[in-house]
Amino acid sequence: MPPSSKLNLRRRHLLGIEDLSPADIVQLLDEAQRFKAVVGRSESLDTLRGRTVVNLFFENSTRTRMSFEMAAKRLGAYVVNFDVSTSSFRKGETLLDSIQTIAALGADYIVMRHASSGAARFISPHFDAAVINAGDGEHEHPTQALLDVFTIREALGRVEGLKVAIVGDILHSRVARSLIWCLKKLGAEVVVVGPSTLCPVQFQAFGVRVSNDFESGISGADVIYILRIQLERQRVGRFPSLAEYRRMYGLDEERLHAAKANVLVMHPGPVNRGVEITDEVMRRRNSLVVQQVENGVPVRMAVLSLLDPSFSEAR
Amino acid sequence: MTPVATDLFLRNAGVYGSEHPAGDQLDIRIRRGVLAEIGRNLSPTEQEIIIDASGLIAAPGFIDLHTHLREPGGEHSETIESGSHAAARGGFTRIFCMPNTMPTCDSTASVKQIIDRAREGSGVRVYPVASVTRGLSGEQLTDFGALQRAGAAAFSDDGKPVPDAEIMRFALECTRDIGSVIFDHCEDMSLTGEGVMHEGTVAYRLGLRGIPRASESTLVARDCELSMATGGRLHICHVSNMDSVEIIRFYKSRGAPVTAEVSPHHLVFSEDRVGDYDTNAKMKPPLCEEADRQALITALEDGTIDCIATDHAPHAPNLKADTFDRAPFGIIGMETAFPVLYTNFVATGRWTIEFLIERMTAAPARVMNRSQWCGMPMGTRPHIALLDVETEYEFAVDMLGSKSRNCPWLGSRLRGRSVLTIAAGHLAYIDRQRFPDLEEVTM
């Protein structure tokens with residue numbers, strides 16, 4: 001593999017997309033593209049040889065953890081997995097207690113998922129390592145947004161000027177927040193679509209259009225991004241029922257007619273089949289769901305290789 | 001060692017709250033712990049300790065209707081003693097402490113215990129507030145009459161509302177009968193839900209659960225209506241948003257026996273202060289928007305909101321060192337109340353010093369219907385804060401009296417602070433750098 005044209009991002013952590021510049025994002029996407037071209041062609045790269053990546057998952061996530069693990073191993077790193085949800089770390093310990101233990105073990109990269117918004121930023125000053133946010137509560141999931149935008153760029157050749165409709169529970173979605181920042185920074189037009197209890201009009205403050213009507217929301221869109229409806233995150237029903245949700249905001253073949261003929265459909269997974277999206281739509285030629293998963297590995301390789309664990313961030 | 005200071009002579013202070021015109025340069029004589037004389041160019045006697053108060057302001061000691069002293073049950077965060085130190089540091093000499101301790105202050109024994117513990121202290125007067133319902137359960141009323149006789153100065157389920165409207169109605173009627181007052185924490189917990197900050201664009205950006213304004217304002221409306229209907233005295237705690245202000249304004253215009261307080265942090269901060277998950281900006285009610293802040297300032301100015309109260313809420317450092325959603329609500333506030341308000345409103349020219357002192361002394365005294373707490377009455381044990389409003393300084397940890405550190409102003413440049421606090425004739429706080437010869441002594 002040819003050496004990277006730029007050394008690194010001149011940053012230590014990836015806490016969210018909001019902190020990144022458009023140039024940072026483009027650099028990550030370009031690097032991911034170079035990795036994608038070589039993935040599977042060579043056994044392993046040595047970019048991170050001798051480095052340790054700790055996957056610290058306080059919430060269960062098979063696909064994100066595996067994707068990070070594969071990315072790290074392809075770069076030649078040692079990978080340690082702490083599945084905190086099943087370990088003894090939880091009992092009576094605060095997050096600070098847990099991470100001080102892990103910091104003492106030594107690591108170059110900490111990949112963390114946690115149920116609290118802001119958790120990655122909270123731990124970052126306590127490590128000498130690079131902290132990569134793999135999802136913090138309802139705040140951000142930056143690598144998901146990067147792989148989504150990578151997938152869009154790969155399919156359509158550009159991001160700028162595209163119209164992307166994000167449908168579902170915007171309020172509680174870390175995927176939606178990261179994706180909104182990422183698309184806006186690259187010059188796309190964003191519409192968020194859903195009932196006002198999950199998609200409040202105040203999101204206009206972030207430069208997106210808010211639509212509580214499905215058909216007008218997706219009209220003219222180049223990409224429809226369907227979010228997983230996360231009922232487990234709701235204390236009380238913010239919406240009358242799943243049946244009502246499907247009727248008002250679920251994507252099926254018929255609804256797709258309201259969109260552009262060649263519209264692309266995306267979903268971060270895992271899918272609630274028959275709720276937010278039907279099987280038929282998922283299986284269509286213009287569904288990018290499989291590419292999204294596939295692109296997770298090169299995008300995370302790019303993140304790991306471009307962050308600089310020894311970079312000192314003046315904060 | 002200086003001798004026991006039974007006699008003090010404060011020379012040449014700008015005196016506020018006395019019989020004399022506000023701000024006059026006067027001398028204050030305290031004899032055997034009792035206020036003896038205030039006048040121009042008095043002569044000290046030989047046994048009097050002379051305190052040079054040139055360039056300083058002498059104000060009546062501040063009154064705080066809303067503090068949490070955490071004792072019993074939360075002594076790692078605060079005690080009655082450390083809370084009294086915090087008060088004296090801030091120029092407060094009369095403080096009310098809320099009953100959400102462990103156990104709840106809902107018995108005569110608990111009330112008496114607080115009074116006994118406070119008596120051992122610095123002279124700062126501690127007034128226990130007993131709970132409205134037993135164990136803050138919102139169900140069974142406490143024995144208001146017995147608690148009042150034991151020393152309960154008011155009643156509150158602070159931290160929680162009384163959810164049942166009928167129980168609240170009866171509480172207002174029963175406390176009216178004994179001439180007491182209910183301090184009302186207005187919050188509809190079903191609207192708060194899992195909210196941790198104001199529901200607005202900052203919460204949306206950070207992915208934090210929001211608390212809508214209506215969580216407070218709907219309960220303000222309900223309880224003002226009940227106060228109007230029953231004639232029961234209602235004091236609305238820590239008003240935080242413009243909707244609540246309008247409701248209070250409406251009920252006051254109709255003659256309801258309602259008063260209200262506002263906290264310094266709601267007067268100077270808005271939701272933006274949360275920044276990147278700063279847990280020292282997490283409190284209940286939450287910091288709202290700039291328009292709310294402006295409405296609160298106006299309401300304090302026009303009297304819709306009667307007085308300032310800190311809602312001093314200590315939490316030990318390990319509790320606040322957590323993610324925003326898990327950290328407890330509340331900040332400490334007694335040490336910083338005057339400096340922060342002086343810096344933001346008096347030094348900028350918006351308020352007079354007289355107005356600020358009034359809202360921290362006579363105004364809360366009126367809320368409690370204690371005219372004897374107003375001003376500097378002769379022949380009584382004096383409550384005086386000697387204030388330096390000229391020196392700008394950086395607010396530092398060693399200026400806290402509290403056991404806790406959950407203060408959003410650490411490191412801020414401030415102006416105005418008490419350099420000597422006299423509480424009921426006791427030297428409750430002395431700035432040792434300014435007055436190296438004085439000892440903290442009982443008079």
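What you are looking at is a predicted structure, and each value in this text was computed from that prediction instead of being measured. Quick note: numbers below take in every heavy atom, side chains included, and nothing from hydrogens, waters or symmetry partners. Chain letters run A, B, ... following the sequence lines, proteins first, then strands; residues in each count from 1.
Within 6.0 Å of CD in Glu81(B) there are 12 or fewer heavy atoms belonging to other residues, nucleotides or ligands. Annotation for Glu392(B): atom CD counts as buried by contact number, over 12 foreign heavy atoms lying within 6.0 Å. Within a 6.0 Å radius of CG in Asp272(B), more than 12 heavy atoms belonging to other residues, nucleotides or ligands are found.
Residue contact with chain A, scored on non-hydrogen atoms closer than 4.5 Å, involves the backbone and the side chain of Arg205(B) alike. Only the side chain of Glu18(A) comes within less than 4.5 Å of a heavy atom of chain B; its backbone N, CA, C and O stay farther away. For Tyr277(B), the part lying under 4.5 angstrom from a heavy atom of chain A is the side chain only.
Smallest separation of non-hydrogen atoms from Gly207(B) and Ser117(A): O-OG, 2.6 Å.
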Checklist entry - Please walk me through it: do Thr323(B) and Leu95(A) pass side-chain contact (heavy atoms from CB on, under 4.5 Å)? => result CA-CA 8 Å; Thr323(B) 52; Leu95(A) 177 56; 3.7 Å; yes
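A side-chain N or O of Asp325(B) and one of Ser116(A) form a donor-acceptor pair less than 3.5 Å apart.
Scanning residues 203-211 of chain A against chain B with a 4.5 Å non-hydrogen threshold yields Phe203(A), Ala205(A), Phe206(A), sorted by number.
One distance of note links CD of Glu138(A) with CG of Leu206(B); it measures 12.0 Å at 0.5 Å rounding. Note: Arg121(A) CZ to Asp276(B) CG = 4.0 Å, rounded to the nearest 0.5 Å.
No side-chain heavy atom of Leu96(A) sits under 4.5 Å from any side-chain heavy atom of Asp322(B).
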